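We number each residue from 1, following the sequence as shown. For clarity, every value in this text was computed on a predicted model and none was experimentally measured.
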Amino acid sequence: MLTLVLNSGSSSVKFALLDPRSSEVRLSGLIERLGSDAASATLKTGGEKKQVTLKDGTYASAFGLIAGELDALNVRQEVQAVGHRVVHGGEKFSGSVLLTPEVMAALRECIPLAPLHNPPNIAGIEAAQLAFPNLPQVGVFDTAFHQTMPPVAYRYAVPESWYTQHGVRRYGFHGTSHQYVAQEAARMLGKPLEDLNLVTAHLGNGCSATAVRGGHSVDSSMGFTPLEGLVMGTRSGDVDPGLHDFMARQAGLTLTQIMTALNKESGLLGVSGLTNDMRELEAASARGHERAALALDLFIYRLAKTVAALSVPLGRLDALVFTGGIGENSELVRARTLGHLGLLGFKLDEHANQRAVRGQGGLITIPGSTPALVVNTNEELMIARETMRLVALNP
Ligand code: ADP
């Protein structure tokens, strides 16, 4: 039994064919430059990698190529379902769903909430329904896991009509990853998830942290959009909303230019003036690059403050989980974040922290400390499992 997992973006499709039970990946790849006549695919099977040029830049030819690979591998008959990553489900979706025509209509209603992400997600689903007409298709939302947040966590203190008429509230993102690493952390700690109060920190190019009580999200650092919260690769995270008007008047920037700067020219890149890549920043900071050092300091300080804030709704913090490219690999970010969090009882195990890199997860604190651990996220596997769960519920 195999599941095809698709993540359709505006110019790319990331995909994986995997067995949700054994988590074995049979085929994976990235199709890039869609929408242009230079579209190409990188495919990985077993240990082998190959590059293929597409005949045009449409989703149809992207999925035609994947279908052809399924035939070439002789696994088409084993594929049971297609799972799609969908960025924004608004308040309509608190869990994964079978993508019926009614659900597709509801998804279109969520477009204003995620105008950049949801249209390509929808176009990808429609093309996959044509390419794989006999397979059930399931949508797994980045926002769904956070629909358990209570109003005190999800409402902004703005006029109520902004919420009731326009849906302005905190939604939270990276839900698939937070849910997956919370489950894995419980397994690694040998305790039932229902009994655990966790903060999970997903630190990749986008970064967010979530308070997970008994397996349910009760608060998260990203809000109405993925711009809120932590310092990220190119996103500012929290800023004073008053600066938009100030920069418009003072620097003559349009709202679009301000939003572009906050999304694409801020964060680690904006502060360092160098790069949004944590590896390069760590190296530059070690060489004495002052702005790189400041970017790191800001990233870590704001992360630690957020972890402390997210322990408020938990009452008791049983463990902190690091994941994402930075969380899984940067011993420096982890060590220095825990260094700020002595008040929550964290005591680093330096050797364990150094060992937890390149796919090696585990506990990074000493006995007697509040546990902190590194868990490798696997959003594709989570989407595949969710997809098969939904298919089993709707035979
Ligand atoms: P995305 O959010 O795009 O999926 P990833 O989760 O792959 O991104 O995370 C990318 C980030 O992880 C980059 O900032 C990269 O520098 C960082 N990273 C990867 N490996 C290391 C490492 N060994 N040390 C520090 N940072 C790392």
Side-chain angles (χ1 to χ4, degrees), residues 1-9 12-34 39-55 58-86 96 98-99 120-121 124-142 176-177 179-181 183-184 187 204 323-325 328 358-361 375-395:
M1 284 226 300
L2 297 173
T3 307
L4 179 63
V5 175
L6 299 174
N7 182 353
S8 305
S12 71
V13 172
K14 229 175 122 185
F15 69 94
L17 177 72
L18 65 162
D19 182 332
R21 285 175 302 189
S22 70
S23 72
E24 184 197 2
V25 179
R26 301 283 286 273
L27 168 72
S28 65
L30 178 66
I31 300 168
E32 293 173 284
R33 291 180 293 278
L34 287 175
S40 69
T42 313
L43 305 169
K44 275 199 269 180
T45 333
E48 292 189 19
K49 213 172 181 179
K50 68 174 174 182
Q51 198 85 27
V52 186
T53 309
L54 266 70
K55 71 174 189 314
T58 61
Y59 287 111
S61 67
F63 297 145
L65 178 95
I66 297 173
E69 283 300 309
L70 299 181
D71 289 333
L73 290 171
N74 206 13
V75 290
R76 178 88 87 124
Q77 300 309 321
E78 290 176 59
V79 183
Q80 303 284 311
V82 183
H84 296 266
R85 177 191 178 219
V86 184
S96 312
L98 212 57
L99 294 164
N121 290 163
I125 293 165
E126 288 169 342
Q129 285 172 332
L130 290 175
F132 306 101
N134 301 321
L135 295 179
Q137 316 243 347
V138 171
V140 181
F141 300 92
D142 251 24
T176 312
S177 179
Q179 187 176 13
Y180 177 80
V181 299
Q183 289 172 1
E184 282 296 294
R187 199 179 55 75
T323 193
E328 291 169 30
R358 287 185 292 279
Q360 191 62 48
V375 178
N376 297 303
T377 195
N378 193 340
E379 288 163 275
E380 282 92 9
L381 178 59
M382 188 76 203
I383 293 172
R385 284 182 184 164
E386 277 294 285
T387 300
M388 290 320 289
R389 185 176 69 80
L390 264 286
V391 169
L393 285 177
N394 300 275

Engineer: Could you report the tightest heavy-atom contact between Gln137 and Gln129, atom names first, then the distance?
Structural biologist: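 In this case the closest contact between Gln137 and Gln129 is NE2-CA, 3.6 Å.
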
Engineer: Any chance you could measure Met388, atom CE, to Asp19, atom CG, to the nearest 0.5 Å?
Structural biologist: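 Between atom CE of Met388 and atom CG of Asp19 there are 9.0 Å.
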
Engineer: To the nearest 0.5 angstrom, please state how far the OH atom of Tyr59 sits from the CD1 atom of Ile125.
Structural biologist: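 Tyr59 atom OH to Ile125 atom CD1 measures 10.5 Å (nearest 0.5 Å).
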
Engineer: Which heavy-atom pair separates Glu184 from Val375 by the least distance, and what is that distance?
Structural biologist: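 Scanning both residues, the minimum pair turns out to be CB-CG1, 3.5 Å.
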
Engineer: Taking the side chain as every heavy atom from C-beta outward, state whether Phe15 and Leu43 have any pair of such atoms under 4.5 Å apart.
Structural biologist: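 The answer is yes; the side chains approach within 4.5 Å.
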
Engineer: Would you name the heavy atoms of Pro136 and Leu98 that are closest together and state the gap between them?
Structural biologist: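 Between these two residues, the closest heavy atoms are CB-CD1, 4.3 Å.
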
Engineer: Using modelled atom types only, decide if a donor and an acceptor are shared between the side chain of Thr323 and the backbone of Thr377 within a distance under 3.5 Å.
Structural biologist: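 Yes, because the side chain of Thr323 sits within donor-acceptor range (under 3.5 Å) of the backbone of Thr377.
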
Engineer: Whether the side chain of Asn7 engages the backbone of Val13 through a donor-acceptor N/O pair (distance < 3.5 Å, no angle test) should be reported.
Structural biologist: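 No: the side chain of Asn7 does not pair with the backbone of Val13.
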
Engineer: If I compare all heavy atoms of Glu386 with all of Val140, which pair ends up nearest, and what's the gap?
Structural biologist: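 Residues Glu386 and Val140, closest heavy atoms: CB-CG2, 3.9 Å.
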
Engineer: Roughly how far, to the nearest 0.5 Å, is CD of Glu380 from CG of Leu6?
Structural biologist: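 Those atoms lie 10.5 Å apart.
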
Engineer: Rounded to the nearest 0.5 Å, what separates atom CZ in Arg21 from atom CE in Met1?
Structural biologist: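 So the gap between those two atoms works out to 4.0 Å.
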
Engineer: Does Asn74, at its CG atom, have more than 12 non-hydrogen atoms belonging to other residues, nucleotides or ligands within less than 6.0 Å?
Structural biologist: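 Count not over threshold, so no.
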
Engineer: side-chain contact (heavy atoms from CB on, under 4.5 Å) between Asn378 and Met382: does it pass, once the steps are laid out?
Structural biologist: CA-CA 6 Å; Asn378 193 340; Met382 188 76 203; over 6 Å; no

Engineer: Sub-3.5 Å donor-acceptor pair from the side chain of Ser61 to the main-chain atoms of Thr58, do we have one?
Structural biologist: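 Checked: pair present.
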
Engineer: Look only at the side chain of Glu69 and the backbone of Leu27, and say whether a donor-acceptor pair between them is shorter than 3.5 Å.
Structural biologist: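 Here the side-chain-to-backbone pair does not exist.
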
Engineer: Compare every heavy atom of Val75 with every heavy atom of Arg26, then report the nearest pair and how far apart it is.
Structural biologist: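 For Arg26 versus Val75, the nearest heavy atoms are NH2-CG1, 3.4 Å.
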
Engineer: Nearest 0.5 Å please: distance from the OG atom of Ser23 over to the CZ atom of Arg385.
Structural biologist: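 So the gap between those two atoms works out to 7.0 Å.
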
Engineer: At their closest point, which heavy atom of Gly124 faces which heavy atom of His84, and how far apart are they?
Structural biologist: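 Nearest pair, atom of Gly124 first, then His84: O-CE1, 4.1 Å.
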
Engineer: Looking at CG of Asp71 and CD1 of Ile66, how far apart are the two atoms once the value is rounded to the nearest 0.5 Å?
Structural biologist: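 Between Asp71 CG and Ile66 CD1, I get 12.5 Å after rounding to 0.5 Å.
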
Engineer: Tell me which one of Leu17, Thr387, Leu381, Val391 satisfies side-chain contact (heavy atoms from CB on, under 4.5 Å) with Thr3.
Structural biologist: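 Looking at Leu17, Thr387, Leu381, Val391, the match for Thr3 under the side-chain contact (heavy atoms from CB on, under 4.5 Å) is Thr387.
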
Engineer: Within a 6.0 Å radius of atom CD on Gln51, are there more than 12 heavy atoms belonging to other residues, nucleotides or ligands?
Structural biologist: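 For Gln51, atom CD is crowded (more than 12 foreign heavy atoms under 6.0 Å).
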
Engineer: Run the numbers on Phe63 and Ile31 for side-chain contact (heavy atoms from CB on, under 4.5 Å), then give the verdict.
Structural biologist: CA-CA 10 Å; Phe63 297 145; Ile31 300 168; 5.8 Å; no

Engineer: Are Asp142 and Arg85 close enough for a salt bridge, meaning some N to O gap below 4.0 Å?
Structural biologist: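 Looking at Asp142 and Arg85, the cut-off is met.
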
